[in-house]
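Following: one structure in structure tokens, then a few remarks.
Side chains are part of it too, since the values below use all heavy atoms of this structure and drop only hydrogens, waters and symmetry mates.
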Amino acid sequence: MTRVAPGPALPDSFFDRDAATLARDLLGKVIRRRWRGLWLSARIIETEAYYLDERGSHASLGYTHKRRALFMDGGVIYMYYARGGDSLNFSAHGPGNAVLIKSAHPWIDAVSDARALACMQRLNPDAQGQPRAPARLCAGQTLLCRALGLKVPDWDGKKFDPQRFFVQDVGADMPRLICTTRLGIPAGRDEHLPYRFVDPAYAAFCTRNPLRRGQQAGRDYVWMDRDGAELA
């Protein structure tokens, strides 16, 4: 059993902010998930912001009971199925606004040790049933949920639970980050909006590396600070 307790959860006020601001500030924060006596942990490395008034969002299709979390105050969990797996989102300030947790990286510390990592690998094996490499364990929204044991029926529409599932600030410093367009948005549904944010230290492990060969700063992505100001 894990004997070291994780630090305090982020308060609701942290989430009750503009979606793009929240998406930037979630980079470097750690998701804590208690599973069978272990705290499974993952550092958020890639996020996407969504707004009610743009066509790439689920909320733009209108209110339904399934989408109710998107219309609640900031800090409510919204989960849905994507490509056969579960996806994790947090509501932000304003009806219909939210942040998708696009990918993360396993986080090892005094709370989540090698046993927790091994548990995440058992929850999310590769296609051959073998332990998935840590660098790829949470490299995508459905892989992340699988590695943390997060399921739509268990958490959709719920608030965070400090005893089982929450987000923590571990003091990760990030003087600059990458801003680019979101992934998987159909043509004509505001696919051009620069609402995807990536931690550059972990860019190689996100859904699609914005720093891969052929990509150019100023054309394919921009550098930003935490406040959203563009950097030279």
Side-chain angles (χ1 to χ4, degrees), residues 1-7 9 26-48 77-90 99-156 158 160-172 174 177-178 183-184 196-213:
M1 300 287 287
T2 300
R3 295 182 180 179
V4 179
L26 278 167
L27 295 178
K29 304 302 187 289
V30 171
I31 300 172
R32 301 286 195 186
R33 162 68 162 139
R34 191 168 181 82
W35 178 264
R36 298 181 180 176
L38 295 172
W39 279 105
L40 313 182
S41 300
R43 172 178 170 145
I44 299 171
I45 65 172
E46 181 186 13
T47 58
E48 290 182 348
I77 299 159
Y78 171 57
M79 294 192 69
Y80 64 88
Y81 296 111
R83 296 180 293 279
D86 306 84
S87 292
L88 177 65
N89 305 253
F90 306 142
V99 173
L100 167 64
I101 309 304
K102 195 72 174 174
S103 62
H105 194 276
W107 181 256
I108 302 300
D109 60 7
V111 175
S112 301
D113 57 16
R115 296 173 300 160
L117 176 60
C119 180
M120 292 170 67
Q121 290 176 307
R122 289 193 296 272
L123 287 169
N124 186 20
D126 66 18
Q128 288 72 46
Q130 299 301 309
R132 196 181 297 270
R136 308 310 303 172
L137 195 58
C138 307
Q141 61 202 68
T142 60
L143 293 176
L144 167 63
C145 289
R146 196 178 306 152
L148 294 179
L150 297 172
K151 299 290 186 181
V152 171
D154 297 333
W155 291 103
D156 182 42
K158 304 288 182 61
F160 294 110
D161 180 346
Q163 302 302 316
R164 296 192 297 155
F165 175 36
F166 64 93
V167 184
Q168 180 184 353
D169 185 351
V170 295
M174 194 180 309
L177 52 88
I178 300 164
L183 301 175
R196 178 177 169 234
F197 303 96
V198 175
D199 180 343
Y202 293 82
F205 311 126
C206 69
T207 308
R208 184 185 298 168
N209 185 358
L211 302 180
R212 66 191 184 279
R213 180 175 299 189

Heavy atoms, side chains only, cut-off 4.5 Å: are Leu26 and Phe197 in contact? no
Pair Arg196-Glu46, side chain to side chain contact (heavy atoms under 4.5 Å, CB included): steps then yes or no: CA-CA 7 Å; Arg196 178 177 169 234; Glu46 181 186 13; 2.7 Å; yes
Table please: side-chain donor-acceptor pairs of residues 137-146 below 3.5 Å, with sequence neighbours left out.
unit_1, atom_1, unit_2, atom_2, d
Gln141, OE1, Lys102, NZ, 2.8
Gln141, NE2, Ser87, OG, 2.9
Arg146, NH1, Asn124, OD1, 3.3

Can you see which heavy atom on Arg43 is nearest to which on Gly28, and at what distance? NE-CA, 3.8 Å
Could you report the tightest heavy-atom contact between Val111 and Pro6, atom names first, then the distance? CG2-CA, 3.7 Å
Starting at CZ of Arg122, measure out to CH2 of Trp35 and round the result to the nearest 0.5 Å. 11.0 Å
Check step by step if ring pair (Phe, Tyr, Trp, His ring centres under 6.0 Å) holds for Phe165 and Phe160. CA-CA 6 Å; Phe165 175 36; Phe160 294 110; 5.7 Å; yes
To the closest 0.5 Å, what do you measure between CG (Leu150) and CG (Leu88)? 6.0 Å
Side chain to side chain contact (heavy atoms under 4.5 Å, CB included) against Lys158, all qualifying residues, sequence neighbours excluded: Trp155
Identify the heavy atoms of Pro134 and Leu117 that sit nearest to each other, and give their distance. CG-CD2, 4.2 Å
Side chain proximity check, Asn89 to Val99, heavy atoms < 4.5 angstrom: no
Can you tell me how far CG of Asp199 sits from CD1 of Ile178, rounded to the nearest 0.5 angstrom? 8.0 Å
Rounded distance [0.5 Å steps], NZ in Lys29 versus OG1 in Thr47: 10.5 Å
Do any N or O atoms from the side chain of Glu48 and from the backbone of Leu183 form a donor-acceptor pair under 3.5 angstrom? yes
Kindly give the heavy-atom pair with the smallest separation between Ala203 and Cys206, and that separation in Å. O-SG, 3.1 Å
Determine yes or no for a side-chain-to-main-chain donor-acceptor pair under 3.5 angstrom, with Asp86 supplying the side chain and Tyr81 the backbone. no
Using side-chain heavy atoms (C-beta onward) and a distance below 4.5 Å, is Ile31 in contact with Phe166? no
Heavy atoms of Ile108 and Asp113 approach each other most closely as CD1-O, 3.7 Å
Does any part of the side chain of Tyr80, heavy atoms only, come nearer than 4.5 Å to the side chain of Leu100, both counted from C-beta? yes
Just do the side chain to side chain contact (heavy atoms under 4.5 Å, CB included) check on Ile44 and Val30 with the steps written out, would you? CA-CA 6 Å; Ile44 299 171; Val30 171; over 6 Å; no
Where do Met120 and Ala147 come nearest, in terms of heavy atoms and distance? CG-O, 3.4 Å
OH on Tyr202 to CE on Met174, rounded to 0.5 Å: 8.5 Å
Before you tell me yes or no, could you show the steps for Leu211 and Val198 under side chain to side chain contact (heavy atoms under 4.5 Å, CB included), namely the whole-Å CA-CA distance, both residues' side-chain angles and the distance that decides it to 0.1 Å? CA-CA 10 Å; Leu211 302 180; Val198 175; over 6 Å; no
Name all residues meeting the side chain to side chain donor-acceptor pair (under 3.5 Å) criterion together with Ser41; count only those two or more places apart in sequence or in a different chain, and write none if there are none. Arg32, Ser112
Treating Arg33 as the side-chain partner and Leu148 as the backbone partner, does any N or O pair qualify as donor plus acceptor under 3.5 Å? yes
Reported CZ-to-OG distance for the pair Arg136 and Ser103, which is rounded to 0.5 angstrom: 8.5 Å
